[in-house]
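The structure under discussion appears below in the form of structure tokens.
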Amino acid sequence: MNEIKKEEEKSLNFLEEIVEEDLSAGRYKSILTRFPPEPNGYLHIGHSKSIILNFGLAQKYGGKTNLRFDDTNPVTEDTEYVDSIKADIRWLGFEWANELYASDYFEQLYLYAEELIRKGLAYVDDSTSEQIAQLKGTPTTPGLDSPYRSRSVEESLQLFRDMRAGKYKDGEKVLRAKIDMTSPNMLLRDPIMYRIKHAHHHRTGDSWCIYPMYDFAHGQSDSIENITHSVCTLEFVPHRPLYEWFIDKLEIFPSHQYEFARLNMTYTVMSKRKLLQLVNDGHVTGWDDPRMPTISGLRRRGYTPESIRLFAEKIGVQKRDNLIDVSLLEFCVRDHLNKIANRRMVVFDPLKVVITNFEQEEEWLSSEDNPEDPETTHRKMPFSRELYIEQEDFMENPPKKFFRLSPGQKVRLKSAYIIQCDEVVKDETGKITELRCSYIPETKSGEAQSNMKVQATIHWVSIPHAITTEVRLYDRLFRVEDPANEEGDFKEYINPDSLQVLPAAYAEPSLKEAKFADHYQFLRKGYFYLDKDSSEEKLIFNRTTTLRDNWAKEQKKS
RNA sequence: UGCCCGAUAGUAUAAUGGUAGUACGACAGAUUUUGGUUCUGUUUGUCUUGGUUCGAAUCCAGGUCGGGCAACCA
């Protein structure tokens, strides 16, 4: 019994192991994590990995998570981003214990800086940034001490106060930590703690003209909040000694930093800088363009929080660089949408079918909303003498494995009747203009001959009842798997066919009632979601993703 | 030619000194009023060379390969 249970247990990722070890060793009574975005862009699917990790870790072990905006660089940050970040986190299904800002700690951070100066561990440097870079050395050659390094504590203290008081222009002076100019870790070669920026801050306004650098703000912010596990991405590994150095010298609560590999995904880019370029250069319509890997883009496209959380669970957490196949994300969203999406029929590329022996004006047929749901509801669909089916569902000279309609052959119309193609009508150019078919009355769904064997079932709409809708079909944004690592500019690899707009597809009338709360499966076409550009007069649907398509695969082979 | 991190099927991820497993993908089949879903099966892997050990993906040493580090960005 015990063994069976053990087998079913999911193995822990390395961070969960660390937390369990810390908890069982009694190092903490409970854990506190944080999610620390800089409000300088929109969140993307990579951030969702971090969000789910930080909030999930706390949830799993009965702890809490703070949301802390890392707003130490006023020139790139904005409240627009603060709002979008909060909305995205909530949409993913998480609520933070406290909403905090690194800028809340500017006064405390300033006092910490004075303390380090008094301890002889920091000094004001008058060098230009070029001089500082010059003396910094390179990864293979040690740096040299700045001439200002030996300045007295009193002088540095006075100068630092003057910096705060606004006596200097941007770039004239910086405050640096006095560590080791010969350290093999470049970040320990007297890193800059404060720089002068006469800039308006989105929260503190004009009350400061000096701003702390990331390294002097992040660890202390964690410490002030008593964060137990500060989880960040791999590029911060070399920062960890510095993170610990400041905490150690300041003798404050020892938060600990742990690093995991950021998410990379095929056929897209995952850096805020690159995404911003796509927006600014007009390659996409905005941060929430459905082709973007942003959370807002995925939401608009019709992804669900559940599907993204499932994705995060499946990709796991590790320290090795990775490039996740986007087909895994697609699997996750199909998995969820298959369970919740209502089925509807929409014809994208119409071919007229006349049912020659159908004498009534119309007949309303019942069709299930979701066959995956044992308690599915049903809707009524109008059937009439004139219908549209998909062009691709008819072939005059079909190959052997083509199961759909062709001259003399039968197909089932989903939730309606089996029809047979009697005649192909063409115009003078030889183009097929309509199909004349007959229906077999007793084959209506649920009736006597409804289990008659046919090779395929296709979707359809009644022409007189159909409504039109715009449909936007999306494909991958880039033509290559890893555009960021190709030669030259990543933008050269943009897929020119990432968006295909169908101005008028023909939909069954029930779609008039489509809501943003609902996701739809257009039968045999894919999953679709109402776009925010829709209006009373005009419906617009985004294709979230296609269905798996074995027929398409079969065709590709030949 | 410095320091740091890493290396398990195509892509991810498990095995924590004791039978290399899982998911996605691919392929084949069954079921199906969606060429969807579901189900079954097949395929492919421990970077390398030594060492420790009864036994190594796991521990040790050398090598190889990949990534990061020289913003007053985070």
Side-chain angles (χ1 to χ4, degrees), chain A residues 10-13 17 36-38 40 70-73 75-77 125 128-129 132-134 136-143 170-176 183-187 189 192-197 210-211 213-215 217-218 232-241 259 261 266 272-273 313-332 334-335 338-339 343 345 367-368 371-372 401-404 411-416 418 443 445-446 450-451 454-459 481 521-526 546-555:
Chain A
K10 266 210 81 203
S11 53
L12 303 175
N13 68 45
E17 280 178 8
E38 182 187 12
N40 68 344
D70 227 330
D71 55 351
T72 58
N73 186 2
V75 301
T76 58
E77 295 154 6
D125 194 329
T128 64
S129 63
I132 289 175
Q134 195 69 235
K136 196 152 218 166
T138 70
T140 50
T141 56
D170 288 10
E172 257 185 85
K173 288 185 167 39
V174 290
L175 182 71
R176 300 178 73 179
S183 170
N185 182 343
M186 298 291 293
L187 290 158
R189 322 246 262 226
I192 293 170
M193 296 161 59
Y194 269 91
R195 76 287 216 190
I196 300 170
K197 271 182 197 281
I210 56 171
Y211 291 93
M213 298 286 289
Y214 166 85
D215 284 307
H218 201 95
C232 61
T233 45
L234 244 34
E235 66 267 31
F236 292 100
V237 169
H239 293 249
R240 192 181 341 123
E259 311 86 8
T266 53
K272 280 196 266 187
R273 209 193 91 251
E313 183 190 313
K314 287 198 171 292
I315 60 177
V317 181
Q318 249 306 331
K319 298 190 74 156
R320 49 186 106 104
D321 293 317
N322 58 76
L323 181 62
I324 308 278
D325 196 328
V326 70
S327 66
L328 181 62
L329 215 213
E330 288 168 356
F331 166 83
C332 292
R334 284 190 192 111
D335 186 68
N338 178 48
K339 293 177 190 128
R343 273 56 171 176
M345 294 197 219
S367 186
E368 76 239 314
E372 295 298 308
K401 284 187 174 170
F402 185 81
F403 301 152
R404 284 106 97 147
V411 276
R412 181 187 306 280
L413 297 178
K414 169 71 180 174
S415 299
I418 292 172
T443 59
S445 295
S450 68
N451 49 5
V454 285
Q455 288 225 82
T457 300
I458 62 174
H459 61 280
E481 277 205 337
Q521 183 194 103
F522 291 176
L523 230 64
R524 307 203 298 138
K525 285 294 181 187
T546 58
L547 263 22
R548 273 182 62 196
D549 190 348
N550 281 323
W551 170 238
K553 274 187 213 161
E554 187 66 39
Q555 283 174 305

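Letters A, B, ... are given to chains in the order of the sequence lines, protein chains preceding strands, and every chain is numbered from 1. Note that these values count all heavy atoms, side chains included, but never hydrogens, waters or copies made by symmetry.
If A:Gly137 and A:Phe402 are placed on RNA chain B by their nearest nucleotide, the residue sitting closer to the 5' end is A:Phe402. In terms of position along RNA chain B, the nucleotide closest to A:Ala552 lies nearer the 5' end than the nucleotide closest to the other residue of the pair A:Phe236 and A:Ala552.
Following rounding to the nearest Å, A:Asn338 (CG) and B:rU38 (P) show an atom-to-atom distance of 6 Å. Following rounding to the nearest Å, A:Lys339 (NZ) and B:rU37 (P) show an atom-to-atom distance of 12 Å. Look at NE2 on A:His239: it is 10 Å from P on B:rA74, rounded to the nearest Å. Rounded to whole Å, atom C1' of B:rA71 lies 14 Å from atom CG of A:Asn40. In this entry the distance linking CZ of A:Arg176 with P of B:rA71 reads 12 Å, nearest Å. Separating the CE atom of A:Met213 from the P atom of B:rC72 is a distance of 6 Å, rounded to the nearest angstrom. As rounded to whole Å, 8 Å separates atom C1' of B:rU33 from atom CD of A:Glu368.
Here A:Ile324 lies in heavy-atom contact (under 4.0 Å) with sugar-phosphate atoms only. Within 4.0 Å of A:Thr233, counting heavy atoms only, lies no atom of the nucleic acid at all. At the heavy-atom level, A:Asn322 lies under 4.0 Å from the strands shown only through sugar-phosphate atoms. Using a 4.0 Å heavy-atom criterion, one finds that A:Leu323 contacts the sugar-phosphate atoms exclusively. Contact annotation for A:His218: no contact, since no heavy-atom pair falls under 4.0 Å across all strands. Counting any heavy atom pair closer than 4.0 Å across all strands shown, A:Val237 reaches sugar-phosphate atoms only and no base atom. Within the 4.0 angstrom heavy-atom criterion, base atoms lie near A:Leu523. A:Phe331 comes within 4.0 angstrom of the backbone, heavy atoms only, and of no base. Here A:Arg412 lies in heavy-atom contact (under 4.0 Å) with a base. Looking at heavy-atom distances under 4.0 Å, A:Arg189 makes no contact with the nucleic acid at all. Residue contacts for A:Thr72: at a heavy-atom cut-off of 4.0 Å it reaches the sugar-phosphate backbone alone, with no base atom in range. At the heavy-atom level, A:Pro371 lies under 4.0 Å from base atoms of the strands shown. Nucleic acid contact class of A:Lys414 (heavy atoms, under 4.0 Å, all strands): base. At the heavy-atom level, A:Lys553 lies under 4.0 Å from the strands shown only through sugar-phosphate atoms.
Here A:Lys401 pairs with A:Glu554 in a salt bridge; the nearest charged N to carboxylate O distance falls below 4.0 Å. A:Asp170 and A:Lys197 are not joined by a salt bridge, as no carboxylate oxygen comes within less than 4.0 angstrom of a charged side-chain nitrogen.
Comparing B:rU11, B:rG2, B:rU34 by their closest approach to the side chain of A:Leu547 singles out B:rU34. With distances taken from any side-chain atom of A:Pro139 to the nucleotides B:rU33, B:rG6, B:rC69, the minimum falls on B:rC69.
Searching all strands for a Watson-Crick or G-U wobble partner of B:rU52 with both distances below 3.5 Å returns nothing. Across all strands shown, B:rC47 forms a Watson-Crick or G-U wobble pair, both distances under 3.5 Å, with B:rG63. Figure legend. B:rC3 is base-paired to B:rG68; pairs are counted as Watson-Crick or G-U wobble with both atom distances under 3.5 Å. If you check B:rU40 for Watson-Crick or wobble pairing at under 3.5 angstrom, you find it paired to B:rA28. Searching all strands for a Watson-Crick or G-U wobble partner of B:rA23 with both distances below 3.5 Å returns B:rU11.
One finds a side-chain N or O of A:Arg195 lying less than 4.0 angstrom from the OP1 or OP2 phosphate oxygen of B:rC73. Within the 4.0 Å cut-off from OP1 or OP2 of B:rA14, at least one side-chain nitrogen or oxygen of A:Gln318 is found. Look at A:Arg548 and you won't find any side-chain N or O under 4.0 angstrom from OP1 or OP2 of B:rG36. A sub-4.0 Å separation between OP1 or OP2 of B:rG35 and a side-chain N or O of A:Arg524 is present. Contact annotation: A:Arg343 side-chain N/O to B:rG36 OP1/OP2 distance is not under 4.0 Å. A close approach under 4.0 Å does occur between a side-chain nitrogen or oxygen of A:Asn550 and OP1 or OP2 of B:rG36. Of the side-chain N and O atoms in A:Lys197, one or more sit less than 4.0 angstrom from OP1 or OP2 of B:rC73.
Side-chain atoms of A:Arg548 never come within 3.5 Å of backbone atoms of A:Phe331 as a donor-acceptor pair (strictly under, hydrogens ignored). Side chain of A:Thr233 to backbone of A:Glu235: no donor-acceptor contact under 3.5 angstrom is found. In this structure, A:Asp549 contributes its side chain and A:Ala552 its backbone to a donor-acceptor pair below 3.5 Å. With hydrogens and angles ignored, the 3.5 Å screen pairs a side-chain donor or acceptor of A:Thr266 with a backbone N or O of A:Val326.
More than 12 heavy atoms of other residues, nucleotides or ligands sit less than 6.0 Å from atom CD of A:Glu172.
The C1' atoms of B:rA57 and B:rU46 are separated by 5 Å, rounded to the nearest whole Å. One P atom belongs to B:rA14, the other to B:rG6, and the distance between them is 14 Å to the nearest Å. Between B:rU44 and B:rA20, the distance separating the two P atoms is 15 Å to the nearest Å. Rounded to the nearest Å, the gap between the C1' atom of B:rC73 and that of B:rA7 is 30 Å. Distance noted for atom C1' between B:rU48 and B:rG68: 23 Å (whole Å). Between B:rU19 and B:rC4, the distance separating the two P atoms is 34 Å to the nearest Å. Comparing B:rA15 with B:rA26, their C1' atoms sit 25 Å apart, to the nearest whole Å. Annotation: B:rG51 and B:rA70 have their C1' atoms spaced 38 Å apart (nearest Å).
Checked by distance alone, A:Glu372 brings a side-chain donor or acceptor within 3.5 Å of a matching partner on the base of B:rG36. Judged by atom type and distance alone, A:Gln521 reaches the base of B:rU34 through a side-chain donor-acceptor pair under 3.5 Å.
Residues A:Glu368 and A:Ser415 bring no donor and acceptor atom of their side chains to less than 3.5 Å of each other. No side-chain donor from either of A:Asn185 and A:Ser183 sits under 3.5 Å from a side-chain acceptor of the other.
The aromatic ring of A:Trp551 sits over the base of B:rG35, with ring centres less than 5.5 Å apart and planes tilted by under 30°.
Taking 4.5 Å as the limit, every side-chain heavy atom of A:Val174 sits out of range of all side-chain heavy atoms of A:Tyr194.
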